[in-house]
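Encoded as structure tokens, the structure appears first; notes follow it.
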Amino acid sequence: QVHLVESGGGLVQAGGSLRLSCAASGRPSASGRPFSRYTMGWFRQAPGKGREFVAAISPSGATTYSTDSVKGRFTISRDNAANTVYLQVIGLTPEDTAVYYCTTSTGSVYDVSRYRYLEEWGQGTLVTVSS
């Protein structure tokens, strides 16, 4: 089966930047869909809070969508040759502190923002922003 492994998190000061990565490895799911055919998404879960949509990207990378709270600061991208999706984050604030997860989706970027057609999840990478 396909496994998603997030990396790039860590402890940063307010105003800092990070690039999170999500690498897909292993064999495709039972459906046989390869990484390059999946919409990909990033979610985050702050301490004591529910999981929140952050950003999504279409299979080709031509279409992206992000929530208003991160628009202009977070940029999602992908490298299909490397089976990897990225989340470049700048201007971090303590409110961005969370475990960040990536996910595969058989839907559109809009579907991902509505928590629809989500399939595989990674284990998450922790981003901690100090004041």
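Quantities reported herein were computed from a predicted structural model and do not represent experimental measurements.
- Note: Glu120 CD to Arg33 CZ = 12.5 Å, rounded to the nearest 0.5 Å.
- Taking all atoms of both residues into account, the shortest heavy-atom contact from Val99 to Leu126 is CG2-CD1, 3.9 Å.
- Closest approach of Ser77 to Val85, counting heavy atoms only: O-CG2, 3.1 Å.
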(Q) Thr84 vs Phe35, test: side-chain contact (heavy atoms from CB on, under 4.5 Å). Steps then yes/no. (A) CA-CA 8 Å; Thr84 303; Phe35 175 81; 5.6 Å; no
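- Linking ILVMFWY residues whenever their side-chain heavy atoms come closer than 4.5 Å, directly or via other members, leaves Ile57 and Val5 in distinct clusters.
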- Task: Output, in order, the C-alpha distance, side-chain angles, deciding distance and verdict of side-chain contact (heavy atoms from CB on, under 4.5 Å) for Glu95 and Ser69.
- Result: CA-CA 10 Å; Glu95 288 69 40; Ser69 64; over 6 Å; no
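- For the pair Phe43/Val112, a side-chain contact is recorded, criterion being any heavy-atom separation below 4.5 Å from C-beta on.
- The main-chain N or O of Pro59 is found under 3.5 Å from a side-chain atom of Asn80 such that the two form a donor-acceptor pair.
- The side-chain heavy atoms of Thr125 and Arg44, taken from C-beta on, include no pair separated by under 4.5 Å.
- Residues Leu18 and Val127 have side chains in contact (heavy-atom distance under 4.5 Å, counting atoms from C-beta outward).
- Using modelled atom types, one side-chain atom of Ser105 and one backbone atom of Tyr117 make a donor-acceptor pair closer than 3.5 Å.
- Put simply, the side chain of Leu4 reaches to within 4.5 Å of the side chain of Thr104, judged on heavy atoms.
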* To do: Could you check Ser108 against Tyr65 for side-chain contact (heavy atoms from CB on, under 4.5 Å), going step by step and ending with a plain yes or no?
  => CA-CA 10 Å; Ser108 69; Tyr65 183 77; over 6 Å; no
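- For the residue pair Thr39 and Gly107, the shortest heavy atom distance occurs at OG1-O, 2.7 Å.
- Thr97 and Pro47 get closest at one heavy-atom pair: O-CD, 3.9 Å.
- Ala14 and Pro94 get closest at one heavy-atom pair: CB-CD, 4.3 Å.
- Electrostatic pairing of Asp68 and Lys71 counts as a salt bridge here, judged by a charged N lying under 4.0 Å from a carboxylate O.
- Counting only heavy atoms from C-beta outward, the side chains of Met40 and Arg78 approach each other to under 4.5 Å.
- The two atoms that bring Ala62 and Ser58 nearest to each other are N-OG, 3.3 Å, heavy atoms only.
- Between Trp121 and Tyr101, the ring planes lie perpendicular to each other; the angle is over 60°, past the 30° to 60° tilted range.
- Within the 4.5 Å cutoff, the side chain of Tyr86 has no heavy atoms near those of the Thr75 side chain.
- Side-chain atoms of Glu6 and Leu20, non-hydrogen and from C-beta on, never get closer than 4.5 Å to each other.
- In this structure, the side chain of Ser66 does not engage the main chain of Ala55 through any donor-acceptor pair within 3.5 Å.
- Residue Phe53 is not grouped with residue Tyr100 when hydrophobic side chains (ILVMFWY) are merged at heavy-atom distances under 4.5 angstrom, including chains of intermediate members.
- Contact check for Asp96 versus Arg73: side-chain heavy atoms found under the 4.5 Å cut-off.
- Dense packing is recorded around OH of Tyr115, with more than 12 heavy atoms of other residues, nucleotides or ligands lying under 6.0 Å away.
- Of the N and O atoms on the side chains of Glu119 and Tyr38, at least one donor lies less than 3.5 Å from an acceptor on the other residue.
- The CG atom of Leu118 sits 8.5 Å away from the OG1 atom of Thr106 when rounded to the nearest 0.5 Å.
- In this structure, CZ on Arg19 lies 11.0 Å from CG on Leu87, to the nearest 0.5 angstrom.
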